[in-house]
Amino acid sequence: GASEAVGKIRLLEADRVEAGKETFAQIFLEKPVCAFIRDRFILRMPSPANTVAGGVILETSPLRLRRNDSVILERLTTRWQALESPEELILSLLSDSPLLPKSLEVLSHMAGLQNSETQAALDELKNRSSIIQQSESFIVSVKGFKQACDIVLQSIQQLHREQPLRFAFSCAEIVTQLKQNTPLVQEALIRLVDEEKIVCRENAYRWTNAPNLDPKLIALAETLETILRQERFHTSSLRELAEHLRKPVNAIDSALRVLVESGKVKRLADGVFLHDEHVQWAKNQLVDALRREGSFETHLFKNIIGSSRKY
């Protein structure tokens with residue numbers, strides 16, 4: 001049923017509105033009311049009691065919207081035009097937060113539709129190739145997914161600008177940069193790799209057009225790679241490498257990070273680095289030994305690869 005509440009109205013695209021004209025406005029009520037998108041309302045002056053306007057609810061967000069903001073006004077216009085079509089309304093709702101997939105239940109609640117009505121609209125949108133629905137809890141629009149991919153790519157580009165000595169960045173670092181952790185981030189990374197806009201090595205991501213690293217850093221990384229290849233399973237520590245090459249520890253650490261992020265070196269533990277060639281060889285030796293023996297004590301593995309207990 002209907003309810004009444006006292007509130008204030010804030011016009012979003014003008015200082016005043018003439019009789020018979022339409023405009024977007026935000027209403028702040030003194031008490032909560034049950035309201036959904038598409039619900040209609042009327043505005044009355046408390047004294048004298050006159051009806052001054054009527055309208056329809058487009059959003060129920062408590063956030064204060066900026067006045068005369070072209071992005072906000074465009075979003076509200078799209079929402080207003082979509083009200084009569086469940087399919088267009090759902091697309092409008094999905095575009096509000098492209099990095100956050102929505103569920104069937106959430107979309108039904110936001111749109112004021114029954115689940116069956118929402119599912120019918122989703123089926124029609126799938127037929128149009130307008131949405132991606134992996135499950136009832138993972139629904140995004142195709143347009144929104146493209147926006148999400150653009151946002152993730154921009155975050156990787158920003159990381160390269162902020163940290164020019166880094167070769168690539170982990171998913172966790174990208175999520176931190178985005179300040180949002182959603183399943184869509186991983187899906188966007190996969191798509192960006194497929195589109196060759198980024199490359200992935202050892203779960204670290206690099207923009208394909210990232211600036212080249214400092215030549216001195218590259219030269220140091222190549223020197224370290226040669227040393228690690230020669231040392232096999234008795235590699236030097238970070239400090240030992242710094243002393244041997246007469247370089248600062250932080251320079252050695254930066255160069256090793258480049259090798260790790262480019263997939264040439266594996267970091268097994270703090271201060272323990274092995275060349276990827278030797279790690280892969282050791283894996284093959286382990287598989288062969290298990291096939292021959294069936295099982296053996298862990299400490300015996302060091303004898304198989306000619307290493308020490310430390311490694």
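What you see is a predicted model; the values in this text were computed from it and never measured.
Counting only heavy atoms from C-beta outward, the side chains of Phe273 and Leu259 never approach each other to under 4.5 Å. Side-chain atoms of Phe24 and Leu65, non-hydrogen and from C-beta on, never get closer than 4.5 Å to each other. A heavy-atom distance below 4.5 Å is not found between the side chains of Ile90 and Ile139. Proximity of Asp69 to Leu12: side-chain heavy atoms (C-beta onward) are nowhere separated by under 4.5 Å. Using a 4.5 Å heavy-atom cutoff, the side chains of Leu228 and Leu256 are in contact. A heavy-atom distance below 4.5 Å is found between the side chains of Glu124 and Asn127. Residues Leu165 and Val258 are not in side-chain contact: their nearest non-hydrogen atoms beyond the backbone lie 4.5 Å or more apart.
The aromatic rings of His109 and Phe36 sit perpendicular to each other, their planes meeting at more than 60°, with 30° as the lower class boundary.
Remark: the Ser236 side chain and the Glu231 side chain contain an N/O donor-acceptor pair separated by less than 3.5 Å. Side chains of Glu87 and Ser85: a donor-acceptor N/O pair is present below 3.5 angstrom, by distance only. For the 3.5 Å distance criterion, the side chains of Gln154 and Asp150 fail to qualify, holding no donor opposite an acceptor. For the residue pair Asn284 / Gln280, no side-chain donor-acceptor distance below 3.5 Å is found, with atom types taken as modelled.
Between Asp276 and Lys266 there is a salt bridge, with a side-chain nitrogen of the basic residue lying less than 4.0 Å from a carboxylate oxygen of the acidic one. Salt bridge status for Arg229 with Glu225: present, with a side-chain N to carboxylate O gap under 4.0 Å. Salt bridge Arg128/Glu88: present, at least one basic N to carboxylate O contact under 4.0 Å. A salt bridge is defined here as a Lys NZ or Arg NE, NH1 or NH2 lying under 4.0 Å from an Asp or Glu carboxylate O, and Asp15 with Arg67 meets this definition.
A donor-acceptor pair is defined here as one N or O able to donate and one able to accept, closer than 3.5 Å; no such pair exists between the side chain of Gln119 and the backbone of Glu136. A side-chain donor-acceptor contact under 3.5 Å links Arg206 to the backbone of Phe167.
Here the straight-line distance linking atom CD of Glu162 with atom CD of Gln158 works out to 4.0 Å at 0.5 Å rounding.
Listed by chain and number, the residues in a side-chain contact (heavy atoms from CB on, under 4.5 Å) with Glu195 are Arg191, Leu192, Lys197 (sequence neighbours excluded).
Cation-pi contact between Arg161 and Trp207: absent, since separation from the ring centre below 6.0 Å together with deviation from the ring axis within 45° is not met.
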